[in-house]
Amino acid sequence: MTRDEATRLAHDVGKYVARIARNAPAEGPFPAALVPMLVKDLYALPGGKRASERFVELAPDEVAMAPLHAALTEIDALEERVRAGDDEACRRACVRALEVEAALRAYAREAR
Amino acid sequence: MYDAVVPRLLVIEDGNEYEEFATLFLADRFEVVAVHSAAEALEAAPGTDAMLIDLRFERARDEDLLGDAGEAAARLFAGDLERARRWLKEQQGTLILGALREAGHDQPAVFVHDFPPRRLANLARLYGRVGAVPTFDAAAIVRTLESLA
Amino acid sequence: MSSMRRHPLSLVLAFALAPLGLAACAGTEPVDGGLSGASQWAAARALWHIDRDPAAYRAWIEIDPATPEGREAHRLLAEAEPHYRRGIERVRGGDPEARESFERAVRIAPMDPVLYLPLARAFRDQGRADTDNPHLFIRAAEYYRKFIALVPHDPRTEEARAELAEIDPEGSRLFAPPGEVGEAASQPLPAPQEVATWPLWVAVAALALAVAAIGLLLWRSRERLESLDSLAERKPELHPAIHYLVSSLRHELLKHRIGAVGSAVDALREGRASEAQIEFLRGRLYGGEPLTDAWHGHLAAFRRALGPELDLHRADKHFRAGGRAIEAIAKLEKRLAAGDARAFEKLSTAHATLRELDKRLGQLAQRLVRTSVDGALFRDVVDAVRGEYAAGAVQLDEVVIRSPEPAPFVEVFRVDLVLVLKNVVRNAILAVASEEPPRRIGLDVDTHVELTGEETVRIHVRDTCPQELTTEDIYARRMSRGLGLVTAALSRYDGAIQVEPADGEWAKSVVVRFFRAYDEE
């Protein structure tokens, strides 16, 4: 994967998938006001695609990508509960989103 | 750090993700002013205290882009005009910042992008008070803007 | 048995082929002290890079280090010296690939003649260790003679003569000093012209050795064991092929069959695997083509593309570990099905080994596509073009090569960058051919900061041909002058080519430009 492709992956998926996840309060119930934006981050990125869809479009065929794919698959499985504002589901989705973001950022740095 | 009672943050992007983010997480520190092109940014810049700039303007219309695609194609992309346009979109935020600086707007500016250190240093040399945070991290953005003030 | 003994003639071949320029050394005059610094430097460079004259060292070292030219000459000499010393160490250690260090050094600057003595000794010692191979002594004698001829006033010359006499009593007499006691002293000294003829017969001998050794090398290479990293290091022209093969292995086997089951392997080891995970794991590891067949199929593809002598299982520890891990996984099927906890552990260990292999291959693939734009690259390009019939026939007065430290990197396969530059350099040489002297070409590189903060690497190929050339001409001529390949490569790597106007010293400059790959992190 080229430097540009890795940068694009980190930008299009990593940066946006963690937009709410990184800033949500660490404790207490997940704020209802953040749920619509969390839903956007996970299931309707800029361009309208789910994070997992955009990931599949851009990710290279590498072993290192498999855990990220698994994380995004888990996020997809949580969709109904996240949309409903389920606290546990939102928290879990945020944890997985942050994992994806950190891994893609590290990957893009390695590709430089 | 800022003279105004409520400092104004100029958000420059091609969509509305930065504006949404700033409204939710930076509104206690800034009045958010969002624009979507270089022309709008030049118009809105006076009276703002800081800038939050998107790097990639992939949803922007060709006619709204700063930069000469023909010149870039010849000089950088072996005459490939389409590739040059794509590059202008991918790097548009830096070009808009350049235009703002040229027009005399020297407010601290922050990108949400994980620039290689060497490139960020180049941007600082070119455009003065420029910083970057790698992710949408409200606390880090505020810290960076304060460090540049 | 040492590697030297396994490959007795490889060092001989290495040095017969290494352009250390034996034949021309004795009669070369130092560069005229009356020349200007720039002219003196140009002449000194030509003496080495065009003529390959080992006396060039003296010409280089005599350039005043207080001048810019002198600084450059001394810098390049200092840059080359560790490679020469490393080459000598490799000879001493019996490394059959010692040639690499010398080839690298030769592209940078001439060798300090005092190093011929340790070089001679290294060959002598190898000759003593390998008594079946007289060529090593011939080579040692050759370098003793060079040392004596080029640095006759070195305090170790007497020692060198004595050591030469031990291995070549006949030949050493030619190099005995005036008044030496013994047989040499009792006979008249050879006439100067006789001394001057020795390089000729040594050169002829070297050529004969080279021809003989080429055949032996071809035979020997069938047995060579080499890791993939080493092969990639040694043969940049194979980088695209290696990149493709590595990518296929990673995609088809390491990702889809190994990487895909990572979560299931972890879950199994931790005793929390679901039925679905176990079924998925069974399908990926034991369904379809057996893993071992798939693995060996990939290794066979490497051999087909890169040479039958490439035995990665034997020569590359990472592939060896990967192969063992594949074998281990293949043997675990029944025990995994039976729920054997130790089998889960073994599977986890083998899986980790393969993940490590994948990581290493990923790093290798990334390295392959990054090229340092440095003086060695430019010298390779110029040497390759000068080796061609038409461009080699052109009498060049000067080839100026300049490169910054540290050299910038670009994300381009080296072989493709060489292809691009060879085309541009060839056209520059052929362009100056039809002009009156001085016929000069120059290669240098700089970086430019774009308004986006990115940097571009600009490689300038300059020449003294006053004929007008425009960027449009280059694109128009691309079909007739091989530039079609150039523009295809530029397009693949986000590069460009442009003609820039004269800057005084040169008539024009063709600029090849790529984005800089950041290398500091």
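Each chain gets a letter, A, B and so on, in the order its sequence line appears, and its residues count up from 1.
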Between A:Lys40, A:Arg19, A:His11, the one whose heavy-atom pairs under 4.5 Å with chain B are most numerous: A:Arg19
Mind checking ring pair (Phe, Tyr, Trp, His ring centres under 6.0 Å) for B:Phe25 and listing every partner two or more places apart, or none if nothing turns up? B:Phe21
Within residues 80-95 of chain B, the residues sitting under 4.5 Å from chain A by heavy atom, in sequence order, are B:Arg83, B:Glu90
For the residue pair A:Tyr16 and B:Phe136, categorise the inter-ring angle as parallel (less than 30°), tilted (30 to 60°) or perpendicular (more than 60°). tilted
Just wondering, more than 12 heavy atoms not from B:Glu71 lying within 6.0 Å of its CD? yes
Flag the pair B:Glu58 / A:Arg8 as yes when at least one side-chain heavy-atom distance between them is below 4.5 Å, and no otherwise. yes
Taking every heavy atom of A:Lys15 against every heavy atom of B:Val112, the minimum-distance pair comes out as NZ-O, 2.7 Å
With rounding to the nearest 0.5 angstrom, report the CG to CD distance, A:Asp41 to B:Glu20. 8.5 Å
Rounding to 0.5 Å, atoms CG (A:Asn23) and CD1 (B:Ile141) come to a distance of 7.5 Å
Is it the case that over 12 heavy atoms from other parts of the model lie below 6.0 angstrom from the CD atom of A:Glu27? no
Can you confirm whether A:Leu98 sits close enough to B:Thr135 that some side-chain heavy atom of one is under 4.5 Å from a side-chain heavy atom of the other? no
